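A note on names: the letters A, B, ... follow the listed sequences, proteins ahead of strands, and every chain is numbered from 1. None of these values were measured; they are calculated from a predicted model.
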There are 2 protein chains.
Amino acid sequence: MTRHAQDNAGDRPVSDATLRDLAGYNIRRASNAVQADLVRTLAPFELRMITYSALVLIVDNPGLRQTQLAEALAIERSNLVVVIDDLERRELIGRNPMPTDRRAYALTATLAGTRLCRKATRAVRAHEARILSLLSEEERQVLASTLRRIEQAANDEG
Amino acid sequence: MTRHAQDNAGDRPVSDATLRDLAGYNIRRASNAVQADLVRTLAPFELRMITYSALVLIVDNPGLRQTQLAEALAIERSNLVVVIDDLERRELIGRNPMPTDRRAYALTATLAGTRLCRKATRAVRAHEARILSLLSEEERQVLASTLRRIEQAANDEG
DNA sequence: CATTGATAGTTATGAAGTATAACAGTTATG
DNA sequence: CATAACTGTTATACTTCATAACTATCAATG
C-alpha cells in the first residue's frame with residue numbers, strides 16, 4: 001500500500017504508515033489508550049465508564065427516564081437496566097415513580113450519588129489534565145470541536 | 001456538576017455538558033461513530049476492521065510474524081489467530097515456514113489479498129473523504145498529530 | 001550435549017459489551 | 001373501546017477482549 005513494502009523476515013519495526021493515514025485508525029488508537037486509562041482512574045470508585053457516564057447524566061438531569069438516558073448514552077434500553085440496577089443497589093440513585101406516567105421511572109441521584117459523582121469527576125479531570133498536558137488550551141478547544149464535527153458527519157452518513 | 005441541573009420530568013433535551021468537557025468522552029463518541037461507519041464501508045469486502053487492518057499490515061510488511069502483527073495491532077496473540085485463519089482460508093494471505101525459526105510463520109499476502117487490500121483502502125479513503133469533508137487539510141494534519149500525542153501520553157500513564 | 005528457561009502459535013475459557021426479540025403493564029389514538 | 005405504541009424488563013446470542021495452559025521449538029548455561 002505505501003512506499004516501503006519490504007521483507008520483514010528480520011525484526012524490522014512494523015510499518016503502519018498506510019493505516020496512520022486514516023483518521024479512523026488514529027481516532028480508534030487514541031480512544032482505546034485514553035479509555036484504558038480512564039478505566040484505571042474510575043476503578044477506585046468502583047465505577048465503570050458506562051456507570052460513571054450514567055451517574056453524571058442523572059446528576060445533571062434529575063428526573064429523566066431510562067429511555068432518555070439510554071438514548072443520551074447511545075446504548076440500548078435493555079443494556080441500561082443492569083447499569084441502573086447497580087447504581088440503585090448502591091443507593092447512589094433512586095427510581096422514583098412518575099406521577100404523570102406509571103410505566104416510567106424518574107431517575108434522581110441521592111446525596112451519596114451526587115458526592116461520588118463529584119469526586120469521580122474531579123479524578124477524571126485530574127487524569128485528563130495529565131494526558132492533555134502537552135496541549136495548549138486552544139489545541140484542546142480545536143480538538144473538541146473537530147471531534148464533534150466528525151461525530152456529526154459520521155452519524156449523518158448512516 | 002454543571003450550571004444547569006434542572007428537573008427533567010418533562011421531555012427537555014438531556015444535557016451532557018459535563019461529559020462534553022472531557023476529551024475522553026468526545027474521543028469515544030467520535031470513535032464509535034466513525035467505527036460504525038467504517039464497518040459499513042468494509043462490509044462489501046467481507047472485511048471487519050481488525051481483519052482489514054491485519055491485511056494492510058501484512059501487505060505493507062511481508063514476512064512478518066504473528067507476534068509482531070499482534071503487537072502492531074495492539075491485540076493479544078491468541079485473538080489474532082482466528083483473524084489470520086480467516087484471511088488464510090480465503091487465500092488472501094499465506095502462512096509460510098520460516099527457514100530460520102520453525103516455530104514462526106512468515107505472513108505474506110497473495111495477489112488476491114494485495115488486490116483486495118488496495119480496493120478496500122480506496123473505499124475507506126473515499127469514506128473518510130466524506131466524513132472529513134468539513135475539515136481543511138491543515139485541520140486534518142493537526143487532528144492526526146494531536147491524536148498521536150494523546151495516544152502516546154495515555155499509554156505512558158499505564 | 002543436556003537441562004533449563006524463554007518464545008511462537010494455538011486452544012479453551014470467561015468476562016464484558018452490544019444487539020434483538022419478546023413480554024407485561026401502561027398510555028395514546030382512532 | 002379496541003388497537004397501536006411506549007416503558008422497563010428478561011432472555012439470549014454474538015462479538016470483543018484478556019488470561020491461562022499447552023505443544024513445539026529455540027536459546028542459554030552448566
Review point. In residues 23-34 of chain A, which ones come under 4.0 Å of DNA chain D, going by heavy atoms?
Key: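 Correct list: A/Arg28.
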**Study point:** Donor-acceptor under 3.5 Å (B/Arg90 side chain, B/Glu46 main chain)
**Key:**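 It does hold such a pair.
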**Study point:** Expected output: side-chain A/Glu91 to main-chain A/Ala112 donor-acceptor under 3.5 Å
**Key:**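 Looks like no, no N/O pair under 3.5 Å.
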Applying side-chain hydrogen bond (donor to acceptor under 3.5 Å, both in side chains), name anything that partners [X], two or more places apart in sequence or on another chain.
X: B/Thr108; value: B/Asn96
X: A/Arg140; value: none
X: A/Glu137; value: A/Gln141

Check your understanding: Mapping B/Arg48 and A/Tyr105 onto DNA chain D by nearest heavy atom, which one lands closer to the 5' end?
Key ->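 Residue closer to the 5' terminus by nearest nucleotide: A/Tyr105.
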**Study point:** Side-chain N or O of A/Arg65 closer than 4.0 Å to phosphate OP1/OP2 of C/dT26
**Key:**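 No, A/Arg65 has no side-chain N/O under 4.0 Å of OP1/OP2 on C/dT26.
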Exercise for review: Answer yes or no: does a side-chain N or O of A/Gln68 lie under 4.0 Å from OP1 or OP2 of D/dT7?
Suggested key: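 It does not, given that no N or O in the side chain of A/Gln68 lies less than 4.0 Å from OP1 or OP2 of D/dT7.
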Exercise for review: Look up atom CZ in B/Arg130 and atom CG in B/Asp37, then write down how far apart they are to the nearest 0.5 Å.
Suggested key: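 If I round to the nearest 0.5 Å, the distance is 7.0 Å.
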Point to revise | Nearest-0.5 Å distance, CG of residue A/Leu107 to CG of residue A/Asn61 | key: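 The distance works out to 10.5 Å.
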**Study point:** CD (B/Glu88) with more than 12 external heavy atoms under 6.0 Å
**Key:**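 Enclosed: over 12 neighbouring heavy atoms sit under 6.0 Å from CD of B/Glu88.
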Review point. Rounded to whole angstroms, how far apart are CD on A/Gln35 and P on D/dA18?
Key: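 Rounding to the nearest Å, CD of A/Gln35 and P of D/dA18 are 12 Å apart.
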Check your understanding: Between atom CD1 in B/Ile50 and atom C1' in D/dC17, what is the gap in whole Å?
Key ->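 Rounded to whole Å, this separation is 11 Å.
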Point to revise | Qualifying salt bridge (charged side-chain N to carboxylate O under 4.0 Å, His left out) pairs, either residue in residues 142-151 of chain A, two or more places apart | key: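 Found A/Arg149-B/Glu139, A/Glu151-B/Arg20, A/Glu151-B/Arg29.
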Review point. Taking protein heavy atoms under 4.0 Å as touching, what does nucleotides 23-28 of chain D look like 5' to 3' if B marks base contact, S marks sugar-phosphate-only contact and - marks none?
Key: -BBS--
Could you go through residues 74-86 of chain B and list every donor-acceptor pair under 3.5 Å that involves a side-chain atom there, pairing it with any protein atom two or more places apart or in another chain?
unit_1: B/Asp85; atom_1: OD1; unit_2: B/Arg95; atom_2: NH1; d: 3.0
unit_1: B/Asp85; atom_1: OD1; unit_2: B/Arg95; atom_2: NH2; d: 3.0

Acceptor/donor pairs from residues 47-58 of chain B side chains to any protein atom, 3.5 angstrom cut, sequence neighbours excluded:
unit_1: B/Tyr52; atom_1: OH; unit_2: B/Thr121; atom_2: OG1; d: 2.8
unit_1: B/Ser53; atom_1: OG; unit_2: B/Met49; atom_2: O; d: 2.8

**Study point:** Nucleotide forming a Watson-Crick or wobble pair with C/dG30, both distances under 3.5 Å
**Key:**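 Paired with C/dG30, as far as the under-3.5 Å criterion goes, is D/dC1.
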Review point. By a strict heavy-atom criterion of less than 4.0 Å, which residues belonging to residues 70-86 of chain B are in contact with DNA chain C?
Key: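 Residues of residues 70-86 of chain B that come under 4.0 Å of DNA chain C are, in numerical order, B/Arg77, B/Ser78, B/Val81.
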